[in-house]
Amino acid sequence: MSASATSSATQDRIPVTVLTGYLGAGKTTLLNRLLTEQHGKRYAVIVNEFGQIGIDNELVVDAEEEVFEMNNGCICCTVRGDLIRIIGNLVKRKERFDAILIETTGLADPAPVAQTFFVDADVKAVAKLDSIVTVVDARNVLARLDDSHEAAEQIAFADVILLNKADLVTADDLAALESRLRGINPTAVVHRTERCVIPLEEVLGRRAFDLDRILAIEPNFLGEDDHEHDDAVTSIALHETQPIDVNKFNKWIGRLLQEKGQSILRSKGILDVRGSPNRFVFQAVHMLIERDDGKAWGLDEKRNSKLVFIGRDLETMDLKAGFAACIA
Ligand SMILES: Nc1nc2c(ncn2[C@@H]2O[C@H](COP(=O)(O)OP(=O)(O)OP(=O)(O)O)[C@@H](O)[C@H]2O)c(=O)[nH]1
């Protein structure tokens with residue numbers, strides 16, 4: 001193939017941006033920000049989450065974009081086949097998409113995700129990895145670097161880092177964090193952000209992914225897949241069909257996270273609250289809780305509640321009984 005033919009083939013491949021970062025760092029916040037900007041482009045979004053009940057797709061803004069959900073496992077392990085299949089299907093309709101955005105679970109090792117774009121011949125022919133964007137939670141990252149190798153991998157693989165939640169730490173903390181990040185990854189562009197506010201062009205279409213840099217960190221990148229997970233982190237998904245009493249729920253969850261928030265890394269739910277026409281959206285990172293009104297329930301819609309916890313020792317916390325006691 002001539003050089004010009006190669007470069008035009010490369011240009012035709014659909015660019016893929018991988019959004020990664022530890023649980024609760026701000027990946028969905030970033031995704032929503034990108035999707036609501038006036039970009040005039042059409043993106044396909046692939047969301048993978050940890051936990052059997054899909055909540056993230058409901059938290060992604062109601063944009064024009066089509067959202068594909070992969071909930072049956074971690075994107076870097078069992079659902080890689082799904083990823084390959086979804087991308088294959090997407091590019092068949094390529095005229096409709098300018099780029100693909102993939103939000104990984106907070107526990108994903110980005111290496112096997114990135115690897116998919118180099119080792120799978122079908123994917124490689126149609127899509128190219130544009131960049132890996134890692135969102136870092138300024139408040140919790142130091143603890144996570146101590147106890148989770150995924151957090152370090154996500155930073156090491158990044159082409160762009162958003163040092164997010166700048167509002168929750170001091171300027172001195174931010175400077176210290178930034179130098180810690182630089183120690184792990186000297187080449188990524190680091191942006192300090194609050195709620196992932198950043199111009200779209202700093203994140204998308206960077207053409208930043210550099211295979212040689214990755215091979216220098218992980219020489220076996222294109223070889224065998226041998227990544228490991230922190231098996232101590234598990235998830236529990238709860239489902240209720242009867243309406244929830246919001247006061248009981250707030251009291252229960254407040255106390256639970258106060259007492260167990262170190263072990264509960266992330267929790268989120270979309271609840272059917274008695275007397276409310278809207279979904280009640282709850283989310284927390286450790287003990288920091290946010291509550292919001294979500295979309296209104298449709299008149300014929302079957303209302304129900306979903307709640308997911310991700311963390312350590314969850315089976316000791318009687319979560320099912322606690323949630324059941326919040327029924328109105
Ligand atoms: N104070 C503060 N809160 C933030 C910021 N960015 C995001 N949040 C909140 O942090 C929580 C987690 O944000 P998400 O965007 O859902 O994080 P995520 O990385 O997608 O979470 P998972 O997909 O569960 O791993 C939400 O309650 C956000 O509103 C920020 O800059 N400052």
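Count residues from 1 along the sequence. Both backbone and side-chain heavy atoms feed into the values below; hydrogens, waters and symmetry mates do not.
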Given 3.5 Å as the limit, does a donor-acceptor pair link the side chain of [X] with the main chain of [Y], or not?
X    : Y    : result
D98  : R42  : yes
T116 : V113 : yes
K251 : V246 : no
N185 : A188 : yes
E301 : G298 : yes
K27  : G21  : yes
T29  : C196 : no

Show your reasoning for whether side-chain contact (heavy atoms from CB on, under 4.5 Å) applies to L204 and D130.
CA-CA 8 Å; L204 299 181; D130 183 82; 5.9 Å; no
Any donor-acceptor pair under 3.5 Å linking the side-chain atoms of [Y] with those of [X]?
X    : Y    : result
Q283 : R266 : yes
R192 : N164 : no
T134 : T20  : no
E103 : T28  : yes
D173 : T170 : yes

Treat each ILVMFWY residue as a node, draw an edge where side-chain heavy atoms are under 4.5 Å apart, and state whether [X] and [Y] are in one component.
X    : Y    : result
I132 : L145 : no
V123 : L211 : yes
I155 : V133 : no
I244 : I289 : yes
V141 : V135 : no

Residue pair N140, D137: steps toward the side-chain hydrogen bond (donor to acceptor under 3.5 Å, both in side chains) verdict: CA-CA 6 Å; N140 293 303; D137 178 337; 2.9 Å; yes
Exercise. Do you know which of T17, I102, V45 makes side-chain contact (heavy atoms from CB on, under 4.5 Å) with L31?
Worked result: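 Per the side-chain contact (heavy atoms from CB on, under 4.5 Å) rule, the option paired with L31 is V45, out of T17, I102, V45.
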Do you know which of L107, I264, T234 makes side-chain contact (heavy atoms from CB on, under 4.5 Å) with I310?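 Only one option passes, and that is L107.
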[X] versus [Y]: any side-chain heavy-atom pair under 4.5 Å?
X    : Y    : result
D293 : R279 : no
P15  : I100 : no
L23  : V285 : no
T193 : L163 : no
D159 : R213 : yes
Q115 : E218 : no
L162 : L30  : yes
H286 : L288 : no

Ring centre gap for F209 and F157 strictly below 6.0 Å: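 No; F157 has its ring centre 6.0 Å or more from that of F209.
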side-chain contact (heavy atoms from CB on, under 4.5 Å) between L307 and F309, worked out: CA-CA 7 Å; L307 185 60; F309 293 91; 3.7 Å; yes
### Task
Check A114 against L129 and note the closest heavy-atom contact, atom names and distance.
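In terms of heavy atoms, the two residues are closest at CB-CD2, 3.6 Å.
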message: Minimum heavy-atom separation for A138 and L174, please, with both atom names.
response: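 Closest approach of A138 to L174: CB-CD2, 4.2 Å.
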TODO: Start with the C-alpha distance between I236 and L238, add both sets of side-chain angles, then the distance that settles side-chain contact (heavy atoms from CB on, under 4.5 Å), and finish with yes or no.
DONE: CA-CA 7 Å; I236 289 188; L238 304 173; 3.8 Å; yes
Could you tell me the separation between the [atom1] atom of [X] and the [atom2] atom of [Y], rounded to the nearest 0.5 Å?
X    : Y    : atom1 : atom2 : value
E194 : D167 : CD    : CG    : 4.0 Å
L181 : I161 : CG    : CD1   : 5.0 Å
K124 : F117 : NZ    : CZ    : 13.0 Å
F97  : I14  : CZ    : CD1   : 7.5 Å
Q258 : M287 : CD    : CE    : 5.5 Å
S148 : L265 : OG    : CG    : 8.5 Å

Subject >> Heavy atoms of other groups near R274 CZ, more than 12 under 6.0 Å >> reply: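 Result for CZ/R274: open.
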Discussion item. Using the rule given for side-chain contact (heavy atoms from CB on, under 4.5 Å), can you reason through V160 versus H191, listing the C-alpha separation, both sets of side-chain angles and the distance that settles it, and then say yes or no?
Written reply: CA-CA 8 Å; V160 177; H191 300 277; 3.8 Å; yes
### Partner of F282 under ring-ring contact (aromatic ring centres under 6.0 Å, His included), chosen from W252, F249, F323
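Per the ring-ring contact (aromatic ring centres under 6.0 Å, His included) rule, the option paired with F282 is F249, out of W252, F249, F323.
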**Q.** Partner residues of N304 under the side-chain hydrogen bond (donor to acceptor under 3.5 Å, both in side chains) criterion, sequence neighbours left out
**A.**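 Once residues adjacent in sequence are excluded, the partners of N304 under the side-chain hydrogen bond (donor to acceptor under 3.5 Å, both in side chains) criterion are H239.
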side-chain hydrogen bond (donor to acceptor under 3.5 Å, both in side chains), paired with D272, selected from R303, K306, Q242, K302: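 With D272 as partner, R303, K306, Q242, K302 yield a single side-chain hydrogen bond (donor to acceptor under 3.5 Å, both in side chains), made by R303.
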